[in-house]
Amino acid sequence: MSRPLRLGILGGAFDPVHVGHLFIASAVAAELGLDRVLFQPVGDPAHRTPVASSADRRAMVLLAIRSDDRFVLDETALRQRGPVYTADTMPLLRKAYPDASFLFIAGADSLIDTPWRRLDEVAAELDHFVVVERAGADARRLEPTLAALPSDLARRFMIVNLPLVDVSASAIRARVAAHQPIRYLVPDPVADYIARAHLYEKP
Ligand code: ATP
């Protein structure tokens, strides 16, 4: 019998996708032996209004991941009616992959800066919730969030130490608006897409 698929899930606005996302997906996949990483753009995120449309963000993700067989676009959170919470996305994903084991991947900032609704339900669907540190977001600041969870769920959280890649989508948007180059912060086809579609030009 074949073993269940080990799937990483990287959810985000991807406004736009950048090398920070690609690096953590690749490094966590290698570190934890993942078969695939699902890039899961969120159409209507609960805590923000994206600048680019869902269609543009989806298109940029496809361009960014096309040269890596481990990476797959997952459209569950694009199809969901917003505001989207991961706790509602997970059961939909479970239907699509009934036998897989799931590992959610997130930067520490995303858990520190915004309280997640029903984080216990998210953790209950996962083998592990993988947290990677991010410049300015020390994973030790997660302790109060984890302390509020039942201990069997808190134990599913793990920190994977990786070199910090200090790139953010907001910094990329600001650079585009300031007419500064973003080449090498995003894959070339994504930079070309942003230029052709005139994304992020207004500050
Ligand atoms: P913004 O600057 O607009 O807030 P972002 O760069 O954080 O965007 P998101 O699409 O919101 O990008 O991020 C999706 C996930 O990837 C989040 O869990 C976030 O913490 C993580 N992430 C994004 N960039 C990095 C990075 N450079 N290093 C580690 N994790 C990252």
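In this chain, residues are counted from 1 in sequence order. Read the numbers this way: they start at 1 and go in the same order the structure lists the ligands and their atoms.
Counting only non-hydrogen atoms, the option in R134, R48, H18 that gets closest to atom 11 (O) of ligand 1 is R48.
Less than 4.0 angstrom separates some heavy atom of F14 from each of these atoms of ligand 1: 10 (O). Counting atoms of ligand 1 from 1 in the listed order, those under 4.0 Å from a heavy atom of V165 are 26 (C), 27 (N), 28 (N). Heavy-atom proximity to A106, at under 4.0 Å, picks out these atoms of ligand 1: 18 (O). The G11 neighbourhood of ligand 1 comprises atoms 14 (C), 15 (C), with distances under 4.0 Å to a heavy atom of that residue. Each of the atoms 10 (O), 14 (C) of ligand 1 lies under 4.0 Å from some heavy atom of G12. Atoms of ligand 1 found under 4.0 Å from any heavy atom of A13, numbered from 1 in the order shown, are 10 (O).
Assignment of A135 to the shell around ligand 1 is not supported, since no heavy atom sits closer than 4.0 Å. Heavy atoms of D109 approach ligand 1 to within less than 4.0 angstrom.
Of the polar atoms of G107, at least one N or O is found under 3.5 Å from an N or O of ligand 1, judged by distance alone. For V167, a nitrogen or oxygen atom sits less than 3.5 Å from a nitrogen or oxygen atom of ligand 1, counting backbone and side chain alike. The N/O atoms of R173, backbone and side chain alike, include one that comes under 3.5 Å of an N/O atom in ligand 1. For ligand 1, the polar-atom distance check against A169 finds a nitrogen or oxygen pair separated by under 3.5 Å.
Proximity of T89 to V84: side-chain heavy atoms (C-beta onward) are separated by under 4.5 Å at one or more points. Taking the side chain as every heavy atom from C-beta outward, R196 and D192 approach each other to under 4.5 Å. For the pair R57/D15, a side-chain contact is recorded, criterion being any heavy-atom separation below 4.5 Å from C-beta on. Contact check for L111 versus L119: side-chain heavy atoms found under the 4.5 Å cut-off. In this structure, the side chains of I172 and V186 come closer than 4.5 Å at one or more pairs of heavy atoms. M90 has its side chain within reach of I9: a pair of non-hydrogen atoms, C-beta onward, lies under 4.5 Å apart.
When all heavy atoms are compared, the tightest approach of L164 to E133 is CD2-O, 3.5 Å.
Of all protein heavy atoms, the one closest to atom 16 (O) of ligand 1 is H21 CD2, 3.4 Å. Protein heavy atom closest to atom 29 (C) of ligand 1, with residue, atom name and distance, is I24 CG2, 3.7 Å. Nearest protein heavy-atom neighbour of atom 2 (O) of ligand 1: S170 OG, 2.5 Å.
Atom CZ of residue F102 and atom NE2 of residue H128 lie 14.5 Å apart, to the nearest 0.5 angstrom.
Between F129 and F157, the ring planes lie parallel to each other; the angle is under 30°, not in the 30° to 60° tilted range.
Here the two rings, on F39 and H21, have centers that are 6.0 Å apart or farther.
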